[in-house]
Amino acid sequence: MLIEANHLALELDGISILKDVSLHMQKGEIYGLLGPNGAGKSTTIALLLGLYRADKGSLTHFSGQDAEFVSIRQRIGVMPEFAGFYEWMSAREYLIWYAGFYGGSQSPPDSLLKRVGLSQTANKPIVQFSRGMKQRLALARALVHGPELLILDEPTNGLDPRGRREIHDLLIDLANEDKVGILLCTHLLDDVERLCTRIGIIDNGKTVLEDDLEHLLRDAGKPRYRIHMTNIPEGHLLPPLVRLLEWDGSWWSFEIDLPHGRDIGKVWEDLLVHGWSFDEIQVESNSLEARYLELTGSDKPDQQEKAA
Ligand SMILES: Nc1ncnc2c1ncn2[C@@H]1O[C@H](COP(=O)(O)OP(=O)(O)OP(=O)(O)O)[C@@H](O)[C@H]1O
């Protein structure tokens, strides 16, 4: 196991911040850590990184092979939500400099920059980078020492859809090919559905759910969408996975039996191929979101626009 955390509790300044947090992560797993603002996600991450020590509970990294946080930290890569850089440096210079903290880069900086899609801008000063480019550089920095565990805070923030997809593909590749465990802290449930195999939800300092995503989605039911049609084919021929539920005069409701890992975008393409043209899609119920809201009962996470 990469992380085995049981019933962690922590008080800060006399306030009980974490009351009962548990988290279990395997090698090569992408784990989504979810929860409303102020639930305790960042504090949990700080505990995992050894920045705080829990008052109660047990925490083991890497199956207990390393007891010292100094050596544990050598095996973890972190991408914080807001990464600071020396912006006068070029991306290549920065990575070479940063790798010095770990006695040099595990993989050549140029191949890291290529991996995150920055090879064309490797020699540009970081000050000229867009937010998305800085996100990519922050990811390269987190990978510089070849970590076994990556902790990412909102890694796709500020990225356009293509950039977001590229980071998704890279994370999937890191988990599947390099067997890196990825702890993804995000409010974007679309990212979670696309990437994660396992999720943990924290609310008010307590873990209220920890489960395999596939299991959770199977239990929670299939996602339902409302689609505004501009053309409906004769015979109402539907592509596989899509089941028509009802029509209210202008909107059609569909249930989509989307297997885990299958891209919803392909379903919309299939609908178009079958002659169903539409100008708007609304999520009627997304089972992960519904479960999240039910369990946290307070905050509503950011929604991703579902565009056709
Ligand atoms: N050093 C501290 N002293 C007192 N309270 C703190 C301290 N650090 C965090 N808190 C409080 O602990 C709670 C949990 O904070 P935390 O940053 O872990 O939440 P979060 O789930 O990461 O939130 P967000 O999604 O907004 O980033 C918040 O109410 C915060 O104000």
Side-chain angles (χ1 to χ4, degrees), residues 2-25 30-59 61 69 72-73 76-84 131-132 134-135 138-139 141-142 149-159 164 167 171 181-196 198-211 213 216 286 288-305:
L2 286 186
I3 298 176
E4 201 169 352
N6 291 307
H7 310 294
L8 299 177
L10 178 73
E11 264 190 25
L12 292 174
D13 301 331
I15 304 165
S16 170
I17 307 288
L18 301 184
K19 298 167 185 92
D20 186 359
V21 168
S22 295
L23 194 153
H24 301 88
M25 242 190 105
I30 307 186
Y31 187 111
L33 184 63
L34 307 175
N37 294 123
K41 303 178 297 293
S42 304
T43 311
T44 301
I45 288 176
L47 270 181
L48 300 181
L49 293 173
L51 303 177
Y52 297 126
R53 205 163 275 275
D55 302 323
K56 283 189 202 152
S58 62
L59 171 60
H61 297 75
F69 263 108
I72 286 170
R73 277 300 310 271
I76 303 179
V78 184
M79 178 177 166
E81 189 177 359
F82 300 103
R131 168 119 175 90
K134 286 182 185 167
Q135 289 290 94
L139 185 54
R141 181 175 72 180
L149 169 62
L150 254 187
I151 298 184
L152 311 176
D153 203 354
E154 303 284 358
T156 57
N157 249 0
L159 296 184
R164 202 166 141 229
I167 294 290
L171 296 181
I182 300 174
L183 182 66
L184 179 70
C185 201
T186 182
H187 289 283
L188 302 178
L189 298 186
D190 271 9
D191 278 11
V192 174
E193 284 203 57
R194 181 168 286 164
L195 295 172
C196 298
R198 191 166 169 79
I199 67 163
I201 301 181
I202 300 182
D203 188 37
N204 194 22
K206 289 184 192 154
T207 297
V208 289
L209 178 122
E210 195 184 33
D211 201 353
L213 185 65
L216 187 145
N286 170 320
L288 176 59
E289 183 186 60
R291 193 83 177 101
Y292 173 94
L293 291 175
E294 185 189 313
L295 286 165
T296 56
S298 46
D299 188 23
K300 194 168 164 55
D302 302 346
Q303 299 256 352
Q304 284 300 293
E305 218 177 318

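Start at 1 and go down the list; that is how both ligands and their atoms are numbered.
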From Cys196 atom SG to Leu183 atom CG, the distance as rounded to the nearest 0.5 Å: 9.0 Å

query: Can you list the atoms of ligand 1 that are under 4.0 Å from a heavy atom of His187?
result: 25 (O)

field: Under 3.5 Å: N/O of Ile17 near N/O of ligand 1
entry: no

Residue Ala39 vicinity, atoms of ligand 1 by number, heavy atom under 4.0 Å: 19 (O), 20 (P), 21 (O)

message: Heavy-atom distances under 4.0 Å decide this one: backbone, side chain, both or neither, for Asp13 against ligand 1?
response: side chain

query: At a 4.0 Å threshold, what atoms of ligand 1 neighbour a non-hydrogen atom of Asn37?
result: 23 (O), 24 (P), 25 (O), 26 (O)

message: If the cut-off is 4.0 Å to any non-hydrogen atom of Ser42, which atoms of ligand 1 fall inside it?
response: 17 (O), 18 (O), 20 (P), 22 (O), 27 (O)

query: Between Ile15 and ligand 1, does any nitrogen or oxygen pair lie at a separation below 3.5 Å?
result: no

- line: Of all protein heavy atoms, the one nearest atom 15 (O) of ligand 1 is Thr43 OG1, 3.8 Å

query: Does Gly35 reach ligand 1, in the sense of a heavy atom lying below 4.0 Å from it?
result: no

- prompt: So is Cys185 close enough to ligand 1, meaning a heavy atom under 4.0 angstrom away?
  reply: no

message: By the definition side-chain contact (heavy atoms from CB on, under 4.5 Å), identify the one residue from Ile30, Leu139, Val78, Ile45 that meets it with Leu152.
response: Leu139

message: Does atom NZ (Lys19) have a neighbourhood of more than 12 heavy atoms from anything else shown, all under 6.0 Å?
response: yes

Contact atoms of ligand 1, heavy-atom distance to Lys41 under 4.0 Å: 18 (O), 19 (O), 20 (P), 21 (O), 22 (O), 23 (O), 24 (P), 25 (O)

- request: Check whether any side-chain N or O of His61 sits under 3.5 Å from a backbone N or O of Leu48 as a donor-acceptor pair, and report yes or no.
  value: yes

field: Minimum-distance protein heavy atom relative to atom 14 (C) of ligand 1
entry: Gly38 O, 3.3 Å

message: Assess whether a salt bridge exists between Lys41 and Asp153, defined as any Lys/Arg side-chain N lying under 4.0 Å from an Asp/Glu carboxylate O.
response: no

query: Regarding Ser16 and Glu11, is there a side-chain donor-to-acceptor distance under 3.5 Å anywhere?
result: no

query: Would you say Gly40 has any N or O atom under 3.5 Å from an N or O of ligand 1, going by distance alone?
result: yes

task: Mark up the atoms of ligand 1 that fall under 4.0 Å of a heavy atom belonging to Pro36, in ascending order.
output: 21 (O)

message: For Arg131, I'd like to know if atom CZ has over 12 heavy atoms of other residues, nucleotides or ligands within 6.0 Å.
response: yes

message: So does Gly200 get a backbone contact from the side chain of Glu210, meaning a donor-acceptor N/O pair under 3.5 Å?
response: no

query: Would you say atom 30 (C) of ligand 1 touches the protein, meaning some protein heavy atom is under 4.0 Å from it?
result: no

Closest approach of any protein heavy atom to atom 2 (C) of ligand 1, naming residue and atom: Leu12 CD1, 3.7 Å

task: Examine distances only and state if a side-chain atom of Arg73 and a backbone atom of Gly50 form a donor-acceptor pair shorter than 3.5 Å.
output: no

message: Checking side-chain polar atoms at under 3.5 Å, does Thr156 have a donor or acceptor matched by the opposite partner on Asp191?
response: yes

